[in-house]
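First the proteins, then the strands, lettered A, B, ... as listed; each starts at 1. All values derive from a computational prediction rather than experimental measurement.
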Amino acid sequence: MTVRNRAGHTGTLRTFGPGYLRATSLRAMEYDFKAIEAKWRAKWTEQETYRAEEVVDRPKYYVLDMFPYPSGAGLHVGHPLGYIASDVIARHKRQCGFNVLHPQGYDSFGLPAEQYAIQTGQHPAITTEQNIARYRSQLDLLGFSYDWSREVRTSSPDYYRWTQWIFARLFEHGYDHAAGKARPIAALVDVLAAKGNKELDWAVGDDTLKEAGTVLWGDDFDGAFSADQWNVLDEAGRSSILMAYRLAYLADSEVNWCPALGTVLANDEVVGGLSERGGHPVVRKKMRQWMMRITAYADRLLDGLDTIDWSDSIKEVQRNWIGKSTGAQLRFAIQDHPDHHIEVFSTRPDTLHGANFLVLAPEHELVDAITTDSQRATVSAYQQETAARSERERMAGDRGVTGCFIGAHAVHPLTGDAMPIWIADYVLAGYGTGAVMAVPAGDQRDWEFAKAFDLPIPPIFEGHDIDSGAESDKQSVLCNSGDWNGLTCNAALPRAIAETEAAGFAKPRVNFRLRDAVFSRQRYWGEPFPICYVDGIPQLIEDEQVLLPDVDAYLPTETGDPPLARAEQWNVSRGDRMEYNTMPGWAGSSWYFLRYMDPHNEDAFCDRVKSDYWGQVDLYVGGAEHGTGHLLYSRFWTKFLFDLDLIGFDEPFAKMINQGMILGRSSFVYRIEGTNRFVTFEQRKDHRTQRLHVDISLVKNDVLNLEGFKAWRPEFADAEFVLNDAGEYRCGNEVEKMSKSKFNVENPDDLVERYGADTLRCYEMFLGPLEQAKPWDTQGINGVHGFLRKLTRLYRDADGNALITDGLPSAEAERALHKTIKKVTEDLDRLSWNTVVSALMIGVNELTELGCHDRAVLQPLSAIVAPYAPHLAEELWEACGGNGSVVDAPWPKWDADKLVESEVTYPVQFNGKVRFQFAVAADAAPADVEAAVLADERTGKQLQGRTPKKVIVVPGRIINIVG
RNA sequence: GCCCGGAUGGCGGAAUUGGUAGACGCGCUCGACUCAAACUCGAGUUCCAUUGGAGUGUGGGUUCGAGUCCCACUCCGGGUACCA
């Protein structure tokens, strides 16, 4: 029986007005989503349904979204995608009996609110508060199961107090490689007092140490000092030395300075020479800044990747960013300069025999000392040229080979041959030693350099044509390489490392691309450092919290100090002055997932008992764009807190899913250049036209609402529109990023208003695999809305009367239910959000066709719909007389017996082509199936007298007859 | 350049271990209802040809059987870059 209960209503409810409004009013009786969603939202709030408590004897599950920066623009349909996905999992796990932690909060320090403050004078806290309120109201519409009592805001003093506290611990710790973990600076002081630093294996900033040591002990300080030397130092001296060992430290370093933003930026905040936010130019500048010694954790950050379930691509991004390479550091003597030598890092010391010149970075410290007088003018011209050019060139991607011979020669350590020394901008000062040994036969960049400057290319590989380019294959066999002749590079490499070390001019070395991270910003709206200066020495302030002070303007002072220097009362509260910098955006986000576990704790950032209970985030959902920023820093801080035994795990996010971007479909109108005439899409190529974005709310099925367009853009009110044959103005379209500036934004509030939150949730999940980028198409939402309506009609008729009966369900209805439970359960377990919606649709279609209204079927059905359509599921669960909230309805189990069919219909293939369907008892043995199918007359017809060579019966699947 | 993805109807996508390719939804077509339209409901919808054939980016291979595995290539998306 097919349920058809709409007849009789179409005539009586006829009204006039916009299409969708009528449709909505007509539907209202059977599926009044507005009333349903309002009702259950209120109940959830009243009953604190989503409050999470630590329950020791229940297994926990921690599902987390990357918390948002609350921007003024609000949410578009792309933003909630990941939130919906995580909410589905949170609800499913809860129904499966897990004690679920599913919190949300705000990354509420940041530049936009401060830029707005600079323009308007409004305190960033007010802007932030307003934006959060708007976010919250939008999020509340979507029915998320967040425990809002655990909300965190990074800009709240109750929160950043602990960010400051963790900073203080980083300041008070260094990294002991021998122990493989962070240890207190106090422990280091004991060692220095007893033995000096000669046997020390702590992570150290060589430049900082050398600078400090040179000031204290003179120019010949080589990095090592004795206990006696240490013990006579005053506080300032010790402080300057210890700075080289702290995990949070002050250093003069080359930083990325962005003049437009008035602040320094970390490496991951600079993309292609421009600031990530705003796209402003960034220059290198030497400044005294707070830094984070993340490099101390490089190996552990690398190794930890093998223990976490993240996508390969994002792990790869982190591996590349860390950039570990192993090889050797080789020392080259310089002719006529016995007091100098050049250190070179190479991953390929096996190709040493092919090295015939050295190349230094133009900024290399030895360049000035060893350049010959005759080359001096040329060299300094080249240095200036590269310094001026570097940023722009990098952006342009134009990579001509440039360089300059400096007149000096190094000595080849094996052959004694003279090697000319060049400088070139393809060698970077910041990587390795800032110098390379050029092996033109083995490295393409060296090869191109040699070709460009007509330098010889000594062949070192058997059978390799030197004119065809460099040979990088490590299977190649070496020649002209002394003892290593005849070996493959793979075989020669370990020998080269060992033998050059034994010969005394090289040592094995591991090199990282990862740099320490700049940790201070010359901005107002960030965490103030708990630091003041006494006689220029930074001191922690720990007896009271350092709060962000009010200032009269959010701009640097006239002397160029950061905005905090304007806070006159504040800046003399301790010592000579306070630290005027603030922390970067990633400070608060590096540990927020811990605070959710114990958000109101006033004595600790998070109680150890609570973090032991909730543990790692089991599922982390967010964008992939944080690969080198947030995701690396939070791993670093987690490892640090683990080292201090403050938490019991050293990776924050056990599993992560990165949702893809939702793209918008933009619409365009075509204006004939320089006129006020618009031509329809079909005629755009007959003229020289300019394409203009048009707001998609003014376009339906690519046809423009002309009146609406004129009202939207008054400057075109008098424009002429050339229409197509159908008398319509047709717009062009393109799929691109969803953005306000492209006028292609779909707003979740509007869709909730028209279709309800449950429909929007289901539809966003239905679009396709979560991780994939996909275009938004609002038209498709009707289908999903229809599904929820159809679901409702199983439970009640068009007038709202209950249809549920207590009879015994048919075997077909039970099979449909259990098939759906199985598919939905399995798909949720493998995080296949989109196919779950399809499975539910199929189930509802089948039950509708069967005319099933049995409570025994419909009640479990409402339970499995709950993660996707929680409001409606509550309503239907209640209609079935279910106990309590569907949120806690036990997840139904499928019964394999109910899935069994008595008969199986096999597709029968002949030589791989399906010819007919063949029904046979499900429990028939393969041999019997074979006999039966061969006896069938249709088989005889297909074979036409031939004898089958082979018959393959795959039980339950297929029969293939070959012959 | 390198790294990671991906390519399936008009569109979004499904096919989980090699077993009926195109589930589910959109769109479209036809029909019912309607004075009419919308809504709703029903039927159809990979392509080509009248029993049949072709078909998952291209070319080859393995197999009784390939979207799925192997080899070579093309194109698209994302990330990243003189990293020695």
Side-chain angles (χ1 to χ4, degrees), chain A residues 2 4-7 9-11 13-20 22-27 271-272 311-317 319-321 323 325 327 344-348 359 393-394 397 399 401 424-428 430-439 442-446 448-449 511-513 624-625 627-628 660-661 701 763 766-769 771-784 786-787 789 826-827 830 832 834-835 837-842 845 905-914 917 948-952 954 956-963:
Chain A
T2 307
R4 290 196 185 94
N5 49 18
R6 299 211 38 75
H9 291 279
T10 47
L13 286 173
R14 212 179 330 128
T15 52
F16 297 91
Y20 74 81
R22 256 177 299 142
T24 310
S25 64
L26 195 68
R27 291 165 189 157
V271 179
S311 73
D312 288 338
S313 61
I314 210 151
K315 284 189 186 184
E316 205 54 31
V317 165
R319 286 197 187 99
N320 290 339
W321 187 260
S325 43
V344 153
F345 173 70
S346 173
T347 55
R348 296 294 304 278
V359 188
E393 282 261 310
R394 213 181 288 170
R399 209 177 306 143
V401 179
D425 62 0
Y426 82 88
V427 176
L428 305 177
Y431 182 78
T433 60
V436 302
M437 64 176 205
V439 183
D443 183 290
Q444 190 62 27
R445 292 158 305 178
D446 298 343
E448 278 162 17
F449 193 82
N511 202 46
F512 290 93
R513 197 189 89 110
E625 66 273 19
T628 53
M661 209 190 316
N701 294 330
Y763 185 55
F766 185 64
L767 285 174
E771 302 192 69
Q772 207 167 292
K774 43 207 169 269
W776 180 263
D777 169 22
T778 298
Q779 268 187 327
I781 202 169
N782 277 312
V784 177
F787 150 67
R789 211 161 56 237
E826 289 176 348
D827 284 1
R830 67 186 174 100
S832 176
N834 55 324
T835 53
V837 182
S838 306
L840 291 169
M841 285 173 169
I842 294 168
N845 287 345
T905 301
Y906 282 95
V908 182
Q909 294 185 334
F910 287 82
N911 298 320
K913 292 192 198 311
V914 179
Q917 302 289 320
K949 289 183 190 129
K950 199 171 180 181
V951 179
I952 292 129
V954 183
R957 290 275 187 189
I958 204 166
I959 299 166
N960 192 5
I961 299 171
V962 187

Item checked: A:Leu767 versus A:Lys774, closest heavy-atom pair with distance -> CB-CD, 3.9 Å
Notebook entry, point to check: For RNA chain B, what string of dots and brackets results from 5' to 3' when Watson-Crick and G-U pairs need both distances under 3.5 Å, crossing pairs get [ ], and pairs with another strand get |?
Noted result: (((((((..(((......[....)))((((((.......))))))(((...)))..(((((..]....))))))))))))....
Check: Which nucleotide in the list B:U20, B:A84, B:C82 gets nearest to the side chain of A:Asp425?
Finding: B:C82
Checklist line | Protein-nucleotide distance (A:Met661, atom CE; B:G5, atom P), rounded to Å | finding: 19 Å
Next item on the list: Check the distance between B:C3's P and A:Lys315's NZ and give it to me in whole angstrom.
Entry: 19 Å
Checklist line | Note, A:Pro769 side chain near A:Asn834 side chain (heavy atom, < 4.5 Å) | finding: yes
Item checked: Contact nearer the 5' end of RNA chain B, comparing A:Pro907 with A:Asp827 -> A:Asp827
Note to self: Determine whether a donor-acceptor pair (N or O, by modelled atom type, separation under 3.5 Å) exists between the side chain of A:Asn511 and the backbone of A:Ser325.
What the structure shows: no
Next item on the list: Pull up the glycosidic torsion of B:G9 and say syn or anti, syn being anything within 90° of 0.
Entry: syn
Margin query: Quick check on RNA chain B: between A:Gly430 and A:Ile314, whose nearest nucleotide comes earlier from the 5' end?
Written below: A:Ile314
Next item on the list: In whole angstrom, give me the gap between the P atoms of B:A37 and B:G55.
Entry: 43 Å
Item checked: Proximity to the side chain of A:Ser313 - top-ranked nucleotide from B:C83, B:C4, B:G13 -> B:C4
Next item on the list: Round to the nearest Å and state the distance from A:Met437 atom CE to B:C83 atom P.
Entry: 16 Å
Next item on the list: Measure from the side chain of A:Arg445, starting at C-beta and using heavy atoms only, and say which of B:A14, B:C83, B:G19 lies closest.
Entry: B:C83
Notebook entry, point to check: How far, in whole Å, is B:U40 from B:C47 if one measures between their P atoms?
Noted result: 25 Å
Next item on the list: For A:Asn834 and B:U16, give me the distance from atom CG to atom C1', rounded to whole Å.
Entry: 13 Å
Item checked: Distance in angstrom units between A:Glu316 CD and B:C4 C1', rounded -> 7 Å
Check: Which heavy atom in A:Val359 sits nearest to a heavy atom in A:Ala438, and how many Å separate them?
Finding: CG2-CB, 4.2 Å
Note to self: Using the P atom as the point on both nucleotides, what is the distance between B:A23 and B:G59, in whole Å?
What the structure shows: 25 Å
Notebook entry, point to check: Taking the C1' atom of each, how far is B:G31 from B:G78, in whole Å?
Noted result: 47 Å
Notebook entry, point to check: Heavy atoms, side chains only, cut-off 4.5 Å: are A:Met841 and A:Val784 in contact?
Noted result: yes
Margin query: Quick check: closest heavy atoms across A:Phe345 and A:Tyr431, and the distance to 0.1 Å?
Written below: CE2-OH, 4.2 Å
Next item on the list: Write down the distance between CG (A:Asn320) and P (B:A81), rounded to a whole number of angstrom.
Entry: 10 Å
Notebook entry, point to check: Separation of A:Arg513 atom CZ from B:A84 atom P, in whole Å?
Noted result: 10 Å
Notebook entry, point to check: So how far is it from A:Asn911 CG to A:Lys950 NZ, rounded to the nearest 0.5 Å?
Noted result: 12.0 Å
Checklist line | Spacing of the P atoms in B:U58 and B:G42 (rounded, Å) | finding: 37 Å
Check: Checking all strands, does A:Gln917 fall into the base, sugar-phosphate, or nothing category for heavy-atom contacts under 4.0 angstrom?
Finding: base
Notebook entry, point to check: Between atom CG in A:Asp312 and atom C1' in B:G78, what is the gap in whole Å?
Noted result: 15 Å
Notebook entry, point to check: In whole Å, what separates the P atom of B:G10 from that of B:G5?
Noted result: 29 Å
Atom pairs, N/O to N/O, protein against nucleotides 53-57 of chain B, distance under 3.5 Å?
from: B:G53; atom 1: OP2; to: A:Arg915; atom 2: NH1; distance (Å): 3.3

Margin query: Does the plane of the ring in A:Tyr426 sit parallel, tilted or perpendicular to the ring in A:Phe449? Use 30° and 60° as the thresholds.
Written below: tilted
Next item on the list: State which residues pass side-chain hydrogen bond (donor to acceptor under 3.5 Å, both in side chains) with A:Arg348; sequence neighbours excluded, sorted by chain then number.
Entry: A:Asp350
Check: So, A:Tyr906 side chain and A:Arg957 main chain: donor-acceptor pair closer than 3.5 Å or not?
Finding: no
Notebook entry, point to check: Which is true for A:Val317 with a 4.0 Å heavy-atom rule: it touches a base, it touches only sugar-phosphate, or it touches nothing?
Noted result: sugar-phosphate
Note to self: Please give the distance between the C1' atoms of B:G9 and B:C48 as a whole number of Å.
What the structure shows: 14 Å
Next item on the list: Could you give the distance separating B:A14 and B:U8 at their C1' atoms, to the nearest angstrom?
Entry: 10 Å
Next item on the list: Would you indicate whether the side-chain heavy atoms of A:Thr835 and A:Arg830 approach each other to under 4.5 Å?
Entry: yes
Notebook entry, point to check: According to a strict under-4.0 Å criterion, is A:Arg319 in side-chain N/O contact with OP1 or OP2 of B:U80?
Noted result: no
Atom pairs, protein N/O to nucleotides 63-65 of chain B N/O, distance under 3.5 Å:
from: B:C64; atom 1: O2'; to: A:Asn960; atom 2: ND2; distance (Å): 3.3
from: B:C64; atom 1: O2; to: A:Asn960; atom 2: ND2; distance (Å): 2.7

Item checked: B:U40 phosphate, OP1 or OP2, under 4.0 Å from A:Arg789 side-chain N/O -> yes
Item checked: Shortest non-hydrogen separation from A:Val427 to A:Val436 and the atoms involved -> CG2-CG2, 3.8 Å
Notebook entry, point to check: Looking at the side chain of A:Gln772, which of B:G13, B:A84, B:U16 is the nearest nucleotide?
Noted result: B:G13
Check: Quick check: does any side chain N or O of A:Arg513 sit under 3.5 Å from a backbone N or O of A:Asn320, one acting as donor and the other as acceptor?
Finding: yes
Next item on the list: Please work out if A:Val427 contacts a base, only the sugar-phosphate, or nothing of the nucleic acid, heavy-atom cut-off 4.0 Å.
Entry: base
Margin query: What I'd like to find out is whether the side chain of A:Trp776 reaches to under 4.5 Å of the side chain of A:Tyr763, using heavy atoms alone.
Written below: yes
Next item on the list: Look at the side chain of A:Thr347 and decide which nucleotide, out of B:G13, B:G19, B:A84, has an atom nearest to it.
Entry: B:A84
Note to self: Working to the nearest 0.5 angstrom, can you tell me the gap between A:Asn960 CG and A:Lys913 NZ?
What the structure shows: 11.0 Å
Checklist line | Any residue meeting salt bridge (charged side-chain N to carboxylate O under 4.0 Å, His left out) with A:Glu316, in chain and number order, not counting sequence neighbours | finding: A:Arg319
Could you run down the sub-3.5 Å N/O contacts of the protein with nucleotides 22-32 of chain B?
from: B:G25; atom 1: OP1; to: A:Asn845; atom 2: ND2; distance (Å): 3.3

Notebook entry, point to check: Do you know which two heavy atoms are closest between A:Phe766 and A:Ser838, and how far apart they sit?
Noted result: CE1-OG, 3.6 Å
